[in-house]
Number of protein chains: 2
Amino acid sequence: MPNNQFKKGELYSFVTGKASTAIARRLQKKFNTATLNLTIEQWSVLYHLWKKDGISQQELCNATFRDKPSITRLVDNLEKLKLVKRVPSKSDRRMNMVFLTPEALKLQEQTMELAEETLNEALLTVPADKIEVCKEVLQIVYDNLK
Amino acid sequence: MPNNQFKKGELYSFVTGKASTAIARRLQKKFNTATLNLTIEQWSVLYHLWKKDGISQQELCNATFRDKPSITRLVDNLEKLKLVKRVPSKSDRRMNMVFLTPEALKLQEQTMELAEETLNEALLTVPADKIEVCKEVLQIVYDNLK
DNA sequence: TTTGATTAGTTGTTTAACTAACTATATGCC
DNA sequence: GGCATATAGTTAGTTAAACAACTAATCAAA
């Protein structure tokens, strides 16, 4: 009986991701309070562009763990908000390279601060070594299923 | 500096809940493969009704961590699938009590097995004591933010 | 060099989440 | 008893996810 940790009544939170939902909601509220007109999903795309600007939509799919239609529409909406710009690739005309606008660069510091703040609130009272174990387990779960 | 575990580049998975998303997707695929015409969100409502049948929509909101409009529509769709039935409360005419149909009772065993199977796949190779720590941390995160 | 398969991205449809505004019933206070 | 407030649920509008079907460009192999 390998890893049969989940008798009825315990598996629910794991499947539904109550914790990460709570974190995302809290961060969204902070964005709204700061009148940042930005969804968490849009922020997650910007997050990867701040790390590396000018990547293809396919690379954004891999980075954000979303499918192609989701990225198409997120980039659509980010373009409407004038936070990114699609630039057709010259080497491969099937590809769009997605670039940040100056507007988007301005958002990085403030939103990252709110994200760190949110995680600090979430993990207040949790000892550092337990956080490490938790991060490790979640990474393994992801690797096991992806 | 309380709990400043999250230097750039580490906070992303925590906020986006990549692990729980992966679990939910895997379970949804299992449902689809078994031609169970059921979403994970619908299943999460049935899950609580299997534990306690005939509860109000508000109780379902609390149990599933969803807001009222979400539950209204989930119950709408579950009614269309003939898996639940709204029954107006006699003691308080504002309330609907939500009851499982015989159809829905039949789904319990099979779907719970698929859910356990999914979690076993996710947690394969993770030692039991680390799973315990992880569950504990996620519960604290939830309590800190709710 | 043409044909067949693969890759990048878009569009359409259904389900769900969130916010705000709304109706109807119940409760509590004067 | 009557009025203010709170509670249960619904409706409307926007954003997003999953899936399938599609177009256009590229690549590979005969």
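Only heavy atoms go into these numbers, but all of them, side chains included; no hydrogens, no water, no symmetry mates. Order of the sequence lines fixes the chain letters, A, B, ..., with proteins taken first and strands second; residue numbering starts at 1 for each chain.
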Enquirer: Is any side-chain heavy atom of B/Lys52 closer than 4.5 Å to one of B/Glu59?
Expert: yes
Enquirer: What are the two closest non-hydrogen atoms of A/Trp50 and A/Leu100, and how far apart are they?
Expert: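 So the minimum-distance heavy-atom pair works out to CD1-CD1, 3.5 Å.
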Enquirer: Is the distance from OP1 or OP2 of D/dA17 to the nearest side-chain N or O of A/Arg66 less than 4.0 Å?
Expert: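 A/Arg66 to D/dA17 OP1/OP2: side-chain N or O found under 4.0 Å.
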Enquirer: Check the distance between D/dA16's P and B/Glu41's CD and give it to me in whole angstrom.
Expert: 17 Å
Enquirer: Tell me which one of B/Leu114, B/Thr21, B/Leu119, B/Thr118 satisfies side chain to side chain contact (heavy atoms under 4.5 Å, CB included) with B/Arg26.
Expert: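 Only one of B/Leu114, B/Thr21, B/Leu119, B/Thr118 forms a side chain to side chain contact (heavy atoms under 4.5 Å, CB included) with B/Arg26, namely B/Thr118.
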Enquirer: Quickly work out the A/Leu78 CG to D/dT15 P distance and round it to whole Å.
Expert: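 That distance rounds to 12 Å.
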Enquirer: In whole angstrom, what separates A/Lys80's NZ from D/dA16's C1'?
Expert: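 So the NZ-C1' distance, A/Lys80 to D/dA16, works out to 12 Å.
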Enquirer: Any luck finding a side-chain donor-acceptor pair between B/Gln139 and B/Asp143 under 3.5 Å?
Expert: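 The criterion, which ignores hydrogens and geometry beyond distance, is satisfied for B/Asp143 and B/Gln139.
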Enquirer: Looking at side-chain heavy atoms only, is the closest gap between B/Lys130 and A/Ile140 below 4.5 Å?
Expert: no
Enquirer: I'd like to know if the side chain of B/Asn32 pairs up with that of B/Gln28 as donor and acceptor (distance under 3.5 Å, no hydrogens or angles considered).
Expert: yes
Enquirer: For the pair made of CG in A/Leu38 and P in D/dT14, what is the distance, rounded to whole Å?
Expert: 19 Å
Enquirer: For A/Leu81 and D/dT15, what is the distance between atoms CG and C1' respectively, to the nearest whole Å?
Expert: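 Roughly 11 Å, once rounded to whole Å.
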Enquirer: Which heavy-atom pair separates A/Phe65 from B/Lys18 by the least distance, and what is that distance?
Expert: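 Nearest pair, atom of A/Phe65 first, then B/Lys18: CE2-O, 3.9 Å.
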Enquirer: Compare all side-chain heavy atoms of A/Tyr47 with those of A/Gln108 and state whether any distance is below 4.5 angstrom.
Expert: no
Enquirer: Testing B/Lys85, B/Arg73, B/Arg86 for salt bridge (charged side-chain N to carboxylate O under 4.0 Å, His left out) with B/Glu79, which one passes?
Expert: B/Arg86
Enquirer: Checking A/Asp92 against A/Ser89: is there a side-chain donor and acceptor pair closer than 3.5 Å?
Expert: no
Enquirer: So which atom in A/Phe31 and which in A/Thr39 form the shortest heavy-atom distance, rounded to 0.1 Å?
Expert: CE2-O, 4.5 Å
Enquirer: Protein within reach of the bases, or only the backbone? For nucleotides 3-13 of chain D, mark each nucleotide 5' to 3' as B, S or -, using heavy atoms under 4.0 Å.
Expert: ----BBBBBBB
Enquirer: Considering heavy-atom distances to DNA chain D, does A/Arg93 or A/Gln42 have its closest nucleotide positioned more toward the 5' end?
Expert: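 Residue closer to the 5' terminus by nearest nucleotide: A/Gln42.
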Enquirer: Taking 5' to 3' order, which nucleotide of DNA chain C is first and which is last to have an atom within less than 4.0 Å of a heavy atom in chain A?
Expert: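 Taking any atom under 4.0 Å from a heavy atom of chain A, the span is C/dT7 to C/dC18.
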Enquirer: Quick one, which residues of residues 22-31 of chain A touch DNA chain D with a heavy atom under 4.0 Å?
Expert: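 By residue number: none to list.
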